[in-house]
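Encoded as structure tokens, the structure appears first; notes follow it.
This is a predicted model, so every value here is computed, not measured.
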Amino acid sequence: MELRSLRYFAAVAEELHFGRAARRLHMTQPPLSRAIRQLETDLGVALFERSPSGVVLTETGAWFYRDARALLDQADRLQAKVAASAGAATLTVGMLSDGADPAAADLVKAFRERHPHVDVHIREADFTDPTSGLRAGQVDVVLTYAPFDETGISVRRLRVDPVGAVLRTDDPLADREVLRLAELADRRWFRFPETADPIWRAFWNATTPAGPLREGPVVRTVHECLQAVLWNGTIGLAPRVGVLPAGLTFVPLADAPPSALVVAWSDARDDPLVRSFVRVAAQTYGAVPGG
């Protein structure tokens, strides 16, 4: 049994969809399906129950996943230790400025326990680049919010957060339990710089990449967003996370799609430390089977 086969199996077990797993592994679906069939033949047991909508792990597949995942994690740790023995092992993690997720402390603790000798660098970026320099090779892995242009980038969803409007507490709509986008159509919205990722910029402006943006001040950080609301009565979209400053409130939007907190890394790199970080992040946020 090869580690490559186990990695294929783990990807399908975690995505519960052959197509998504194939994209994550940077391969087409037919060879992935054949590899899983061959693994099941070699083991003499079915690991998945298949349906048109996806797959689910069989009872045997579930416990096999746990053991396979432990073996893959051990292999990644071994590779990381080998790399560290040749010099200082480092990992650069990108994050959005002012936008640290409240649950990230648990991720830090879990990763430090697994890799105590790795020197972790943090690079913050503003809203111009949701990937914090991942495309430019300035970071190894990034914690950020989707959606954005994923060309050349692998993405693992960690959590889905509802999206709503950030309003001043004295706003006429602040006491509503829920809003619809049409009720905010005539308001001024904060918006991201023109140089920002078009998909990302349009999502948080409730528009489309090819369409015009709403009128309002340009902001580059979470702090600037909140101040635009406080000082000018501007509104904008945000995920429901953390606690807002005094004077601001969050009202859910019934017709706004949710945003996913994700961990992302470059397709061009195959780094055991990056794989381990992604895995620890998935475990921390419960984004794995049985996690």
Side-chain angles (χ1 to χ4, degrees), residues 1-58 60-62 64-76 79 130-131 134-137 139-160 197-200 203 209 257 260-283 285 287-291:
M1 203 182 310
E2 297 181 352
L3 286 178
R4 180 174 60 180
S5 298
L6 294 184
R7 291 198 191 282
Y8 288 175
F9 164 72
V12 178
E14 290 163 3
E15 298 293 343
L16 294 179
H17 192 279
F18 275 93
R20 289 195 299 269
R23 289 192 294 273
R24 173 173 151 188
L25 293 164
H26 321 307
M27 62 190 299
T28 58
Q29 185 172 334
L32 175 60
S33 297
R34 289 195 296 270
I36 298 301
R37 286 288 189 191
Q38 185 60 53
L39 179 62
E40 290 177 315
T41 298
D42 293 343
L43 294 172
V45 66
L47 299 173
F48 296 102
E49 294 178 2
R50 295 157 172 84
S51 72
S53 60
V55 297
V56 295
L57 287 162
T58 63
T60 301
F64 182 73
Y65 168 78
R66 290 191 291 271
D67 287 355
R69 188 68 262 178
L71 181 60
L72 291 170
D73 288 349
Q74 186 176 7
D76 285 345
Q79 285 183 278
T131 69
L134 185 62
R135 293 188 191 283
V139 300
D140 302 308
V141 65
V142 60
L143 283 171
T144 187
Y145 272 95
F148 49 83
D149 180 7
E150 296 181 9
T151 304
I153 293 176
S154 294
V155 173
R156 183 79 190 278
R157 187 172 67 175
L158 302 177
R159 188 186 68 216
V160 175
D197 179 300
I199 297 174
W200 163 261
F203 180 87
L261 177 71
V262 302
V263 57
W265 65 102
S266 173
D267 287 351
R269 294 196 60 186
D270 183 24
D271 188 317
L273 267 181
V274 171
R275 286 200 302 268
S276 183
F277 183 92
V278 172
R279 176 60 190 168
V280 172
Q283 289 175 328
Y285 284 90
V288 295

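- For the pair Arg69 (side chain) and Arg279 (backbone), a donor-acceptor distance under 3.5 Å is absent.
- Once rounded to the nearest 0.5 Å, the distance linking OH of Tyr65 with CD of Glu14 reads 3.5 Å.
- Scanning all heavy atoms of the two residues, the minimum distance from His17 to Val55 falls at N-CG2, 4.0 Å.
- Shortest non-hydrogen contact noted between Met27 and Leu32 is CE-N, 3.6 Å.
- How far CZ of Arg23 is from CD of Glu15: 8.5 Å, rounded to the nearest 0.5 Å.
- Closest non-hydrogen pair, Ala10 versus Leu72, comes out as CB-CD1, 3.8 Å.
- No side-chain heavy atom of Leu57 sits less than 4.5 Å from a side-chain heavy atom of Phe64.
- Closest approach of Thr60 to Ala46, counting heavy atoms only: CB-O, 4.4 Å.
- The backbone N or O of Leu39 sits nowhere less than 3.5 Å from a side-chain atom of Ser5 that would complete a donor-acceptor pair.
- Within a 6.0 Å radius of CZ in Arg7, other residues, nucleotides and ligands contribute more than 12 heavy atoms.
- The line from CG of Asp267 to OG1 of Thr151 is 9.5 Å long, rounded to the nearest 0.5 Å.
- With rounding to the nearest 0.5 angstrom, the CG atom of Asp271 is 12.0 Å from the CH2 atom of Trp265.
- With sequence neighbours excluded, the residues forming a ring-ring contact (aromatic ring centres under 6.0 Å, His included) with Phe277 are Phe111, listed by chain and number.
- Residue pairs satisfying the side-chain hydrogen bond (donor to acceptor under 3.5 Å, both in side chains) criterion with at least one member in residues 27-37, sequence neighbours excluded, are absent.
- Atom CG in Leu261 sits 5.0 Å away from atom CG in Leu158 (nearest 0.5 Å).
- Taking the centre of each ring, Tyr145 and Phe203 stay at or above the 6.0 Å mark.
- Using bins of under 30°, 30° to 60° and over 60° for the plane-to-plane angle, the ring pair Phe48/Phe18 lands in the perpendicular bin.
- Within the 4.5 Å cutoff, the side chain of Gln283 has heavy atoms near those of the Asp73 side chain.
- Evaluation of the salt bridge (Lys or Arg N to Asp or Glu O under 4.0 Å) rule for Asp140 yields Arg269 as partners, not counting sequence neighbours.
- Put simply, OG1 on Thr144 and CG on Leu134 are 10.0 Å apart, with the number rounded to the nearest 0.5 Å.
- Of the possible polar contacts, one joining the Glu40 side chain to the Leu47 backbone as a donor-acceptor pair under 3.5 Å is found.
- The two residues Pro130 and Val142 have their closest heavy-atom pair at O-CG2, 4.2 Å.
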